[in-house]
Protein chains: 4
Amino acid sequence: MAEHLSADHNTESWALELLALGDEEKMTPKQIAILQAAVDVFAEKGYASAATSEIAQKAGVAEGTIFRYYKTKKDLLLSIVGPTMSKLLAPFVIRNFGNLLDRSFDSYEDFLHALIRNRLDFARKNFKILQILIQEIPFHPSLRNQFMEDIVSKVFERISAHVEHFKQKGEILDVPAPALIRFTVSATIGYIMTRLLLQPDREWNDEEEIELLIRFIMHGIAADPK
Amino acid sequence: MAEHLSADHNTESWALELLALGDEEKMTPKQIAILQAAVDVFAEKGYASAATSEIAQKAGVAEGTIFRYYKTKKDLLLSIVGPTMSKLLAPFVIRNFGNLLDRSFDSYEDFLHALIRNRLDFARKNFKILQILIQEIPFHPSLRNQFMEDIVSKVFERISAHVEHFKQKGEILDVPAPALIRFTVSATIGYIMTRLLLQPDREWNDEEEIELLIRFIMHGIAADPK
Amino acid sequence: MAEHLSADHNTESWALELLALGDEEKMTPKQIAILQAAVDVFAEKGYASAATSEIAQKAGVAEGTIFRYYKTKKDLLLSIVGPTMSKLLAPFVIRNFGNLLDRSFDSYEDFLHALIRNRLDFARKNFKILQILIQEIPFHPSLRNQFMEDIVSKVFERISAHVEHFKQKGEILDVPAPALIRFTVSATIGYIMTRLLLQPDREWNDEEEIELLIRFIMHGIAADPK
Amino acid sequence: MAEHLSADHNTESWALELLALGDEEKMTPKQIAILQAAVDVFAEKGYASAATSEIAQKAGVAEGTIFRYYKTKKDLLLSIVGPTMSKLLAPFVIRNFGNLLDRSFDSYEDFLHALIRNRLDFARKNFKILQILIQEIPFHPSLRNQFMEDIVSKVFERISAHVEHFKQKGEILDVPAPALIRFTVSATIGYIMTRLLLQPDREWNDEEEIELLIRFIMHGIAADPK
DNA sequence: TATGAATGAGTCTTCATTCAT
DNA sequence: GATGAATGAAGACTCATTCAT
């Protein structure tokens, strides 16, 4: 699992291997143009305010062409956010053969480091789509369900395994896992959102910030707890 | 400041005093009905997909009546989220006469406790409006600006004052305030969102959870912090 | 029943009394204009090829106005043909109190005479709508069912009563009623359609033609029927 | 003429001989498939609501292929109903060499019998196309003209010849031929439509029904006219 | 003040037809 | 010949907004 949570340049290579089906392979240039234009317009205007005519124009195709590839505007939305939601989940559901898990990370710090870097890279690469996803989840039951059932519960389950593992090793507090996970994930998401959404133009030294964040998560912000 | 960050029953009393102008005073019953209906429909459908006709129907007024009070649909939106955005900010911008701040909280823990309780109560009371606000901020420059300039920067500035205060007292780590604040706020928002949005139906013991959260923020999740 | 099958100038007065609800009373001038325009365009182009924009234009209203009165184009169609279908049926389902039936007509000829005149007048008055009705019945299950169940079977049932009555009186042949009715109705419809549809411009002496038709129905076309 | 009005198994043999040009000879399998699919879809949906894409799919050809054989959708329609309209007319326009007519039928009853059987068989074989034809005649002037000029007037003319013949023989009433023909044809069409369209699932004894129908046409429905 | 009928621009979607392959 | 991707005009329908009452 260390591999698919690594933050190498090919971070998402596993994803491509796993999810390539239906992705931008086997797609015509026009279809790719439609998808990219749709991502842009959905992100800028929001799904409901996005006009298929504008998407078509940005994609350089006739409006009717969109509907050859996607039966409805909603299909277009789902074909964008659906696979990304799966990719969001992917690194957590990779099968860990044998007891790979045990040897995966030497410490919770290492796990955190890989997790944060990996998801930061993922968010950077899929920024607009994630934006669309977050905006639209409340209004599309299918998305909402997929998110709650697949993402929230499965990610929780997987991280839970790690957390319990390190709890048993005595590395982290023996308190309920949900609270631990919520805290960890909140801090991570908070960093990523500030980094990419709130202050994208600030100069960031990611490595330092992540080290600091991990220190916060592990030891808090209280001074010298002696 | 202790007062306006307290979580008493009258938590928002200061808000009423400060922001009453334009609020539900001096409003006709019809206008109040319109606002309430609009909040419901905006929250359920999203601004763009909300029909003014549905709002009118739910409010029990004629379609045209809405436009007597609000020139456009967008005005209606802004009249809902604008004041709430101010209220979101309010507890942080209350003038602290003299050096009230110094004596406000005995410890950062106390400050955190008041902050979390207060904002949780606020979020609970204004749940739907906050939902609308978060949904619409990306699509309305006026909201976006108000949020970035008023909320983000001013809240940051105020919390920053507290943080520096406790940093000088040697209670918290001498690291850049932005990271400290981001971490604190992320953990707080993460709790509130889980509490109200992701798992509202779970049984929550808020007092215990908040205590645990503060312990996390202060001392992290590592076991045996000696 | 002799009354409502009479062919007086006020032939349809009973219908107005019975079916006035929802008819052109309580309608705004615009709604009436829409209905009339729709009848014209549906009859001329057929339902599927009729454009709501053309109906709006002919009615002198905005296109959106149509949809204030009729949720869909199909609703508009049904609101036109539905009531007419009921009126088509009406003269046959009037309650005949007591044994009114027995005394209604002195002979089958009298009955035929009233029937033909009455339905000819009705067809003349509702020519376009009947045209639309016939065109659209095959493609709208709701119309089809209404037609088969209400019209065909109920009209059959009512005429059947008359036929059996005169059969018992020894006026008409003792053969299965369905064949008798089919024959009578076919001859009647054939006359009406030739009269109004195939050769509307020919000069017609309706009274003579109807007398001849009744003679055919009663005694056939063979010469010297001794 | 007795031949082409007979109801033998090869009833339509004359048609094939006469109208084979442009019919299913010299046609590629694809073209035949297109025609058959078009008949099905036109009959089911109506011409205006039929999608060429659906026809192509049902025919197992590409959408573009249809337009290789038929320049427009309307051409496709006309190529279906046009020849059938001719066939509808055919048995009446066969040249009767010499005075064949005189010896054709011994009686008007015989003529009627052949006519009814023949057209019933024809209608059964061409049910869907006749359905399409009747539906579309009002909306296509070319069809309308062809129908009014070719069918109505020519069929009238031919039958008229028979009628006059039997009138002179003293077999049928000496009243205007149009009324006689209209009556005869109405009764015939009424039977065929009931038989095939209104109650196709009922058990029919065609021979008996036809005999009864002829009796009605010849002698009416009045009991014992002595 | 409040109404709600009326508007018409704008939306998504369909589909006959074309044309490069 | 045969394909099917691409087109774009046209269609049904929605909805924020206006205005006479």
Side-chain angles (χ1 to χ4, degrees), chain A residues 28-31 33-34 47-57 59-76, chain B residues 28-31 34 47-57 59-77, chain C residues 28-31 33-34 47-57 59-76, chain D residues 28-31 34 47-57 59-77:
Chain A
T28 69
K30 279 193 198 297
Q31 191 171 4
I34 289 170
Y47 170 76
S49 298
T52 51
S53 59
E54 186 181 352
I55 295 172
Q57 196 193 342
V61 303
E63 203 169 352
T65 305
I66 292 177
F67 294 92
R68 284 194 67 76
Y69 291 104
Y70 306 95
K71 254 174 75 71
T72 65
K73 185 185 171 190
K74 187 163 187 177
D75 272 2
L76 177 56
Chain B
T28 71
K30 280 191 196 296
Q31 191 170 3
I34 289 170
Y47 169 76
S49 299
T52 51
S53 59
E54 186 181 353
I55 294 171
Q57 196 196 338
V61 303
E63 293 188 45
T65 305
I66 291 178
F67 294 91
R68 296 218 133 263
Y69 292 102
Y70 306 95
K71 243 173 76 72
T72 66
K73 184 185 172 190
K74 188 163 185 177
D75 274 359
L76 177 56
L77 171 69
Chain C
T28 70
K30 281 194 198 294
Q31 190 171 4
I34 289 170
Y47 170 75
S49 299
T52 51
S53 58
E54 186 182 351
I55 294 172
Q57 196 192 343
V61 303
E63 202 170 351
T65 305
I66 292 177
F67 294 93
R68 283 193 68 76
Y69 291 103
Y70 305 95
K71 254 175 75 70
T72 65
K73 184 186 170 190
K74 188 163 187 176
D75 273 1
L76 177 56
Chain D
T28 69
K30 279 190 197 300
Q31 192 171 4
I34 290 170
Y47 169 75
S49 298
T52 51
S53 60
E54 186 181 353
I55 295 172
Q57 195 196 339
V61 304
E63 291 187 45
T65 305
I66 291 177
F67 294 90
R68 297 218 131 263
Y69 292 102
Y70 307 94
K71 243 173 75 71
T72 66
K73 185 186 172 188
K74 188 163 186 178
D75 274 359
L76 177 55
L77 171 68

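By convention in this document, chain letters (A, B, ...) are assigned in the order of the sequence lines, proteins followed by strands, and residues within each chain are numbered from 1. Atoms considered below: every heavy atom in the structure, side chains included; atoms not considered: hydrogens, waters and symmetry mates. What you are looking at is a predicted structure, and each value in this text was computed from that prediction instead of being measured.
One finds a side-chain N or O of D/Lys30 lying less than 4.0 angstrom from the OP1 or OP2 phosphate oxygen of F/dT3. One finds a side-chain N or O of D/Thr65 lying less than 4.0 angstrom from the OP1 or OP2 phosphate oxygen of F/dT3. Within the structure, every side-chain polar atom (N or O) of B/Thr52 is placed at least 4.0 Å from both OP1 and OP2 of F/dC15. Checking the phosphate oxygens (OP1, OP2) of F/dG1, a side-chain nitrogen or oxygen of D/Arg68 falls inside 4.0 Å. Of the side-chain N and O atoms in B/Tyr69, one or more sit less than 4.0 angstrom from OP1 or OP2 of E/dA2.
Note on B/Ala48: nothing from the nucleic acid sits closer than 4.0 angstrom, heavy atoms only. Here D/Thr72 lies in heavy-atom contact (under 4.0 Å) with sugar-phosphate atoms only. At the heavy-atom level, A/Ala56 lies nowhere under 4.0 Å from the strands shown.
Judged by closest nucleotide on DNA chain E, C/Gly60 is the one of A/Lys74 and C/Gly60 placed further toward the 5' end. Mapped onto DNA chain E by nearest heavy atom, A/Ala51 and B/Thr28 fall at different nucleotides, with B/Thr28 at the one closer to the 5' end. If you find the closest nucleotide of DNA chain F to B/Glu63 and to C/Ser53, the one lying nearer the 5' end belongs to C/Ser53.
With 3.5 Å as the limit, one finds no donor-acceptor pair spanning the side chains of C/Glu63 and C/Ser53. Side chains of D/Ser49 and C/Tyr47: no donor on one and acceptor on the other come within 3.5 Å.
Atom NZ of C/Lys73 and atom P of E/dT14 are 15 Å apart (whole Å). In this structure, OH of A/Tyr70 is placed 16 Å from P of E/dT14, rounded to the nearest angstrom. Note: CD (D/Gln57) to P (F/dT3) measures 14 Å, nearest angstrom. For the pair A/Phe67 CZ and E/dC12 C1', the computed distance is 5 Å after rounding to whole Å. The CD1 atom of B/Ile66 sits 12 Å away from the C1' atom of E/dG4 (whole-angstrom rounding).
A side-chain donor-acceptor contact under 3.5 Å links C/Lys73 to the backbone of C/Ala50.
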